[in-house]
Amino acid sequence: MNLFDDIKSLVLDTLAAMTAQGALPTGLDLGNVNVEPPRDPAHGDMATNAAMVLAKPAGLKPRDIAQGLVERLSDDPRIALAEVAGPGFINLRLADAVWQGLVGQVVDAGTSYGRSRMGQGRKVNIEYVSANPTGPMHVGHTRGAVFGDALANLLAYAGHDVTREYYINDGGAQVDVLARSVYLRYLEAHGQEVAFEDGTYPGDYLIEVGQALKAKVGDAYVGQPEDVWLTEVRAFSTDAMMALIREDLAALGVKMDSFFSEKALYGTGRIEAALEDLAEKGLIYQGVLEPPKGKTPDDWEPREQTLFRSTAHGDDVDRPVKKSDGGWTYFAPDIAYHFDKVSRGFDMLVDVFGADHGGYVKRMKAAVSALSDGRVPLEVKLIQLVKLTQGGEPVKMSKRAGTFVTLRDVVDQVGADVTRFVMLTRKNDAPLDFDFDKVLEQSKDNPVFYVQYAHARVCSVLRKAAAAGIAVDDTSLAATDLAALDHPAELAVARKLAEWPRLVEIAAQTGEPHRIAFYLYDLASEFHTLWNRGNDTPTLRFLPDDPAGGAAKIVLPRAVAVVISAGLGILGVKPLDEMR
RNA sequence: GGUCGCAUAGCUCAGCUGGAUAGAGUGUCGCCCUCCGAAGGCGAAGGUCGAAGGUUCGAAUCCUUCUGCGACCGCCA
């Protein structure tokens, strides 16, 4: 259900009729014809560019085509007024009955109003979070987690078959560092004095891991060389860290469908298999890279190594897959991982990375393109930094002093819902300011509050109506006659509701969940405006003075609540029934 | 040196995937608030959309060049 699509169909049908009648030449490309809400409400409810787009290919003047369209469109009962404007726009004013019908349909459809089949069930894999299993999640991870989760919800809402996946980086050197750090805590648990040198993690969160290790193995590893305990301590530690991370994710309301272990790629032939696939395509060779221009490292020396010919798929230089010591580079297991994703039959891949990984985008795209023979697109979403402040003052963070702000700190202070909403009020590629005080402020300039307040107000109205003996269940409301819903302030809210399905598709298409948050703010704003009008204009109040007046005015606020609820659902935020 | 991203009101940011007179919040100024929930309401002022070209009926939006800021640039993940 999308009112804009309905009217666009009407326009296209009308154009087809004009062609059949000889008013337009045959074979015109109608692909650029669209129907949109005009910026200025004075221009009507919807506008189409059909006449302007078709003028040139049809060899006719825009206004002549427009005139013909206007005459025919006016015959449709849904069109109250059609007129030519400006350079050849056709402005359409819809009949009140159309808006009234829409409001009823919204309540009838509930939170599935706005669902789209745009995705056509395509299988999409979204990889996000993917924090190293070396400690609790911090604020930096939080934004990526919220974004990926909301994007997953959004794509699912728009008709995609979504898999949410976490890539566990448990195969590299950093988990050896973790294991050594835990080993130190283990010795500490046995009463030894230990020193945390550079290259170890001093964080307190490892103390209990060391104690747990002691509880499990006793003193079996005390005084033993690394090769005796490293493998097992590594596994023990990463398991403990993943348990910690899963708790963090749960606190934020993020639920993954799948966890994929990097370690599982090593020693199983899977990296080799992926590279063999590339080799068969002639994309692996031994070669020497040019030094990077402008900033040559001091210790640079030409070296022959195993390279992936990523330039064949759009990258700027070819990329090494093996280190000088013969081990894999980080890129190699990543190739294997994405080979696995492609093999699992996904139609589209999405990677959510921190902005500092921007340098890897081209090579990953090249790899996926090569591995899938160009079949599977990879979309990489880069997440910019979060600037934490409190009362306007920056929150100091120092990794060395161990005073970094964790996801848990944030969620404990402001709650998961507020955290999620605020993190989605900026484009993913723009830095985000997060002020611990401001996000809890109960005022109009706090979008979280403003949107929740609108929902709570509707719930309050429904409670009062129910207390007055009015039937407020959705079935009754959807069946209510809305002919009295004709005030411009009321119709303005209905127009906003009509935009919802369209907005969902645009947001899904662009992969930008923040558009949902901004839309909800706009919708809440329209609603609050109508509410305030009720102060001066009693006929605009939602509750009739006489309960016999019935539910006619309650359907619209209920429809607003339905859409807010659907939108917040995509953002992963629970709507509030009251604000107290 | 190269790649990618960003640049819109004093400030923080939207801008509907090329549309008509570029919007919101905040701040400033003016008026209002015994009224379903005033954790306010109404209105005003405030812009060479970083710069210059180009594409076309039409550009904040697309292309090119330039300026400024940020991230990244064989063996770290």
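Below, chains carry the letters A, B, ... as their sequence lines are ordered, and counting in each starts from 1.
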Participant: When the distance from CZ of A/R515 to C1' of B/A24 is rounded to whole Å, what number comes out?
Facilitator: 16 Å
Participant: Rounded to whole angstrom, note down the P distance from B/U61 over to B/U21.
Facilitator: 16 Å
Participant: Determine the contact category for A/H357: base if any of its heavy atoms lies under 4.0 Å from a base atom, sugar-phosphate if only primed atoms, P, OP1 or OP2 are that close, otherwise nothing.
Facilitator: base
Participant: Provide, to the nearest angstrom, the distance between the CZ atom belonging to A/R309 and the C1' atom belonging to B/G74.
Facilitator: 17 Å
Participant: On a whole-Å scale, what distance lies between the P atoms belonging to B/C13 and B/A59?
Facilitator: 28 Å
Participant: When you measure from the side chain of A/K427, which nucleotide among B/U17, B/G15, B/C16 comes out closest?
Facilitator: B/G15
Participant: So which nucleotide from B/U17, B/A14, B/A20 ends up closest to the side chain of A/E36?
Facilitator: B/U17
Participant: Tell me the partner of B/A51, counting only Watson-Crick (N1-N3 plus N6-O4 or O6-N4) or G-U wobble (N1-O2 and O6-N3) with both under 3.5 Å; none if nothing fits.
Facilitator: B/U65
Participant: Do other residues, nucleotides or ligands put more than 12 heavy atoms under 6.0 Å from the CD atom of A/E197?
Facilitator: no
Participant: With centres under 5.5 Å and planes under 30°, do A/F89 and B/A20 count as stacked?
Facilitator: yes
Participant: From the list B/A20, B/C35, B/C13, which nucleotide is the closest neighbour of the side chain of A/N535?
Facilitator: B/C35
Participant: If you check every side-chain atom of A/K444, which of B/G15, B/G25, B/C36 has the closest atom?
Facilitator: B/G25
Participant: Under 3.5 Å, is there a donor on one side chain and an acceptor on the other for A/Y330 and A/E262?
Facilitator: no
Participant: Take atom CZ of A/R495 and atom C1' of B/C16, then tell me their distance rounded to the nearest Å.
Facilitator: 17 Å
Participant: Scan every strand shown for a Watson-Crick or G-U wobble partner of B/C42, both distances under 3.5 Å, and answer none if you come up empty.
Facilitator: B/G30
Participant: Please tell me which of the listed nucleotides, B/G74, B/U3, B/C72, lies nearest to the side chain of A/R303?
Facilitator: B/G74
Participant: Among the candidates B/C36, B/G74, B/G19, find the nucleotide nearest to the side-chain atoms of A/K464.
Facilitator: B/C36
Participant: Strictly by Watson-Crick or wobble contacts shorter than 3.5 Å, is anything paired with B/C35, and which nucleotide is it?
Facilitator: none
Participant: Of the candidate nucleotides B/G41, B/C13, B/C35, which contains the atom at the shortest distance from the side chain of A/R426?
Facilitator: B/C13
Participant: Specify the separation, in whole Å, of atom CG of A/L520 and atom C1' of B/A14.
Facilitator: 14 Å
Participant: Sequence neighbours left out, what passes side chain to side chain contact (heavy atoms under 4.5 Å, CB included) with A/K56? Give chain and number order.
Facilitator: none
Participant: Pick the P atom in B/G15 and in B/C62, then give their distance to the nearest Å.
Facilitator: 12 Å
Participant: Tell which nucleotide pairs with B/G25, taking only Watson-Crick or G-U wobble pairs whose two distances are both under 3.5 angstrom.
Facilitator: B/C11
Participant: Look at all strands and tell whether A/A173 reaches a base, only sugar-phosphate, or nothing, counting heavy atoms closer than 4.0 Å.
Facilitator: sugar-phosphate
Participant: Hey, does A/R541 reach any base, or is it just sugar-phosphate, or nothing, if we go heavy atoms under 4.0 Å?
Facilitator: base
Participant: If pairing requires Watson-Crick or G-U wobble contacts with both distances under 3.5 Å, which nucleotide is the partner of B/U56?
Facilitator: none
Participant: Within the distance-only criterion (no hydrogens, no angle test), does the side chain of A/Y166 pair as donor or acceptor with the backbone N or O of A/A131 below 3.5 angstrom?
Facilitator: yes
Participant: Can you identify which nucleotide, out of B/U17, B/G15, B/A20, has its nearest atom closest to the A/A85 side chain?
Facilitator: B/A20
Participant: Can you tell me if A/R63 has over 12 outside heavy atoms packed within less than 6.0 Å of its CZ?
Facilitator: yes
Participant: Looking only at atom P, what distance separates B/U28 and B/C11, rounded to whole Å?
Facilitator: 15 Å
Participant: In whole angstrom, give the distance that lies between atom CG of A/L497 and atom P of B/C16.
Facilitator: 21 Å
Participant: By nearest atom, which of the nucleotides B/C72, B/C36, B/C16 is closest to the A/F542 side chain?
Facilitator: B/C36
Participant: Identify whether any heavy atom of A/S443 sits under 4.0 Å from a base atom; if not, whether one sits that close to sugar-phosphate; answer base, sugar-phosphate or nothing.
Facilitator: sugar-phosphate
Participant: Indicate, with a heavy-atom threshold strictly under 4.0 Å, whether A/L289 touches base, sugar-phosphate, or nothing.
Facilitator: nothing
Participant: May I ask you to check whether A/D435 and A/T389 show a side-chain donor-acceptor distance below 3.5 Å?
Facilitator: yes
Participant: Compute whether any side-chain donor of one residue and acceptor of the other, for A/Q286 and A/T306, lie under 3.5 angstrom apart.
Facilitator: yes
Participant: With the sugar-phosphate defined as primed atoms, P, OP1 and OP2, and the base as all remaining atoms, what B/S/- string results for nucleotides 54-70 of chain B, 5' to 3', for protein heavy atoms under 4.0 Å?
Facilitator: ---B--B----------
Participant: I need the full list of ring-ring contact (aromatic ring centres under 6.0 Å, His included) pairs touching residues 424-453 of chain A, with sequence neighbours left out, sorted by first then second residue.
Facilitator: A/F434-A/F436, A/F449-A/Y453, A/Y450-A/Y521, A/Y450-A/H528, A/Y453-A/H528
Participant: For A/A430 and for A/D316, locate the closest nucleotide of RNA chain B by heavy-atom distance; then report the residue assigned to the nucleotide nearer the 5' terminus.
Facilitator: A/D316
Participant: In whole Å, I'd like the distance from the CD1 atom of A/I383 to the P atom of B/C6.
Facilitator: 13 Å
Participant: Could you verify whether a donor N or O on one side chain and an acceptor N or O on the other, from A/Y167 and A/D351, lie under 3.5 Å apart?
Facilitator: no
Participant: How far does the P atom of B/G27 sit from the matching atom of B/U64, given to the nearest Å?
Facilitator: 41 Å
Participant: Indicate, with a heavy-atom threshold strictly under 4.0 Å, whether A/P320 touches base, sugar-phosphate, or nothing.
Facilitator: sugar-phosphate
Participant: Could you work out which one of B/C13, B/C4, B/C36 sits closest to the side chain of A/K362?
Facilitator: B/C4
Participant: Decide yes or no, distance alone: a donor-acceptor N/O pair under 3.5 angstrom between the base of B/A14 and the side-chain of A/D522.
Facilitator: no
Participant: Between B/C6 and B/U48, how far apart are the two P atoms, rounded to whole Å?
Facilitator: 22 Å
Participant: To the nearest angstrom, how far is A/D445 atom CG from B/U28 atom P?
Facilitator: 13 Å
Participant: Using whole Å, what does the distance between atom P of nucleotide B/G5 and atom CG of A/D356 come to?
Facilitator: 16 Å
Participant: Should B/G18 form a Watson-Crick or G-U wobble pair with both distances under 3.5 Å, which nucleotide is its partner?
Facilitator: none
Participant: Strictly by Watson-Crick or wobble contacts shorter than 3.5 Å, is anything paired with B/C4, and which nucleotide is it?
Facilitator: B/G70
Participant: Compute whether any side-chain donor of one residue and acceptor of the other, for A/T134 and A/Q174, lie under 3.5 angstrom apart.
Facilitator: no
